[in-house]
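For reference, the structure discussed in these notes is given below.
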2 protein chains.
Amino acid sequence: MSSTVAKALTLLDHFSENEPELGLSDLARRSGLDKATVHRMLSVMADAGLVEQRHDTKLYRLGAGILRLARIREKAFPFASVLQPELDRLAQETGETAHASLISGRALATVGICESSKANRVSLVVGEVLPFHATASGIATLAFGTEELSARVLTGPLDGKTSFTLTDPGRLSALIETARQTGFGETDQTNEIDVYGIAAPYFDKTGLACGALAVATPSHRMTEALRGKIVGAVLRAAQVITSGTGGKQPTGYAETVRRTLALLPDGSA
Amino acid sequence: MSSTVAKALTLLDHFSENEPELGLSDLARRSGLDKATVHRMLSVMADAGLVEQRHDTKLYRLGAGILRLARIREKAFPFASVLQPELDRLAQETGETAHASLISGRALATVGICESSKANRVSLVVGEVLPFHATASGIATLAFGTEELSARVLTGPLDGKTSFTLTDPGRLSALIETARQTGFGETDQTNEIDVYGIAAPYFDKTGLACGALAVATPSHRMTEALRGKIVGAVLRAAQVITSGTGGKQPTGYAETVRRTLALLPDGSA
DNA sequence: CCCTCTGGTTCATTATTGTCAACAGTAGTT
DNA sequence: AACTACTGTTGACAATAATGAACCAGAGGG
């Protein structure tokens, strides 16, 4: 559980849009590791190009190697490029903030965002790592992902992000089952106060969920009509992304979506 | 000297556009490490999201975490976005393949490419890691980078990529000095047979080279006139990128460029 | 001048890691 | 079917590399 590379790589998790540059002591404190350890790790990661150190401020930031790797990944498996347009459309259509994520090891990586144009909107930090158990995206992904993944999440630690977070494996499992039957995930303030999330999974070519498309709205703004509109829009957008990236829906999913859409008030079509 | 994380991270170097997916044994063979070792490393890297394993073929590929990190880096320090247009313009203007790279630890990372429209052109593999000592970009970068970096390269191993590669520290050092006086780097077939490279450095806000912009042409096509055109175009494009990314030229560099441009046949302006 | 930050370094202790072997599964031959 | 050759995967032990407390040097601040 405590492999050295694992510890080194968790250092990368502390970088975000808000804090793109971090100092040595700072990183040591956050990661709970010793300064010397962190220093050595950063040095070799700098050698590999994953991070780089500014010679003036001595602060560390993500390195150019990342860009190179991203290019390879994107060239071989285009995702961001087909994702972004759909994301923009979704945000425009629902009037709320839309974001997309992909399974990234033990968590979800946010790989795309389009914020609502409304003044009062949900604002997301680019590059944040989202926990499976506390987000609509996570629930949606788990519901249609491998049995092994959900097992690992359910048996792992379930941090209480807010007072609404489901920290009980049983209740969490039930929520996932609900998502499996409706075809989408739904959470209210389980990851952040006053944020309501609705998310639909998209699938890889083996029919397994590899991530989710989500719309986040301020909880107090949520109404039955808005909910219907969002669910419909998200489900359809996710289907577009699935096919756009060469994915395939699992058998029965199309039928599940059809049934869900039929139950919505109206606002869809 | 051979830290575990370093070894783990070198595994990433073997992925490229041509081979975006690699198997365990394959990676073990290339890296010279034991299968079991590689397996453990890949497992933890998969946990962190740097790589992911396809459940069907068992092959490994770069993971979604990379995309997340790239987003952060790009949001905080836009580079690819300001780079690409200039790269396209450069390729169009010279009629040859243009590419850009950034210092990435012990090597250069290719972060942008725009291929020539000519049928006979230099074609580059996206995401390849370029050695400093055998490329025009490397020479240009070393000439205007930190003393420490060039020292590290000069004392390190100098692999002979072709029969033209300078593997002697003394001659290499002389080549770098030439670049320092002309303001650009130039190599002929030192990294790949029949490829002529001309590269100009761009600078960060401290006035140190952080990478280079290069034009690669088939060696046999190179003439004095074409050379002049390319040198002028590359130098000017690099200056645009430097200022476009908030960089600053070191004192005297503008003068160096002016002198170089004055010596060119014509084809510039 | 002292105090407290910062990044960086050293070195004996100890735990992680590399190694090697065996195992299971698949594909292609014979 | 049995044999081969190749995958990816797991376990146990010896050896190496990671660890973390203490320590340096420098930059502000009071």
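Computed from heavy atoms alone, side chains included, the values below leave out hydrogens, waters and symmetry copies. Chain naming here is simple, since letters A, B, ... match the order of the sequence lines and numbering starts at 1 in each.
- Cation-pi check for A:Arg61 over B:Phe77 is met; the charged atom lies under 6.0 angstrom from the ring centroid and within 45 degrees of its normal.
- The shortest distance between side-chain heavy atoms of B:Leu50 and B:Leu69 falls below 4.5 Å.
- Note on B:Thr4: only backbone sugar-phosphate atoms sit closer than 4.0 angstrom, heavy atoms only; bases stay farther off.
- A salt bridge does not link A:Lys58 to A:Glu21: none of the charged nitrogens lies less than 4.0 Å from a carboxylate oxygen.
- Atom CG in A:Leu33 sits about 10 Å away from atom C1' in D:dT19, given to the nearest Å.
- Judged purely by distance below 3.5 Å, without hydrogens or angles, the side chains of B:Ser16 and B:Asn18 never pair a donor atom with an acceptor atom.
- In this structure, A:Leu9 atom CG and D:dA18 atom P are separated by 13 Å, rounded to whole Å.
- A:His14 contributes no side-chain N or O that, together with a main-chain N or O of A:Leu27, makes up a donor-acceptor pair within less than 3.5 Å.
- Between A:Arg180 and A:Glu177, at least one side-chain nitrogen of the basic residue sits less than 4.0 Å from a carboxylate oxygen of the acidic one, meeting the salt-bridge criterion.
- Ion pairing of B:Arg73 with A:Glu17 is absent here, as no side-chain N (NZ or NE/NH1/NH2) approaches a carboxylate O to less than 4.0 Å.
- We find that CG of A:Leu11 is positioned 14 Å from P of D:dA18, with the value rounded to whole Å.
- Each end of the helix from C:dC1-D:dG30 to C:dT30-D:dA1 yields a helix axis from five base pairs, and these two axes differ in direction by 30° (to the nearest 10 degrees).
- Between the side chain of A:Asp159 and the main chain of A:Lys161, no donor-acceptor pair closer than 3.5 Å is present.
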* Letter per nucleotide, 5' to 3', of nucleotides 3-16 of chain D [B base touched, S only sugar-phosphate touched, - untouched; heavy atoms, 4.0 Å] -> ----SBBBB-----
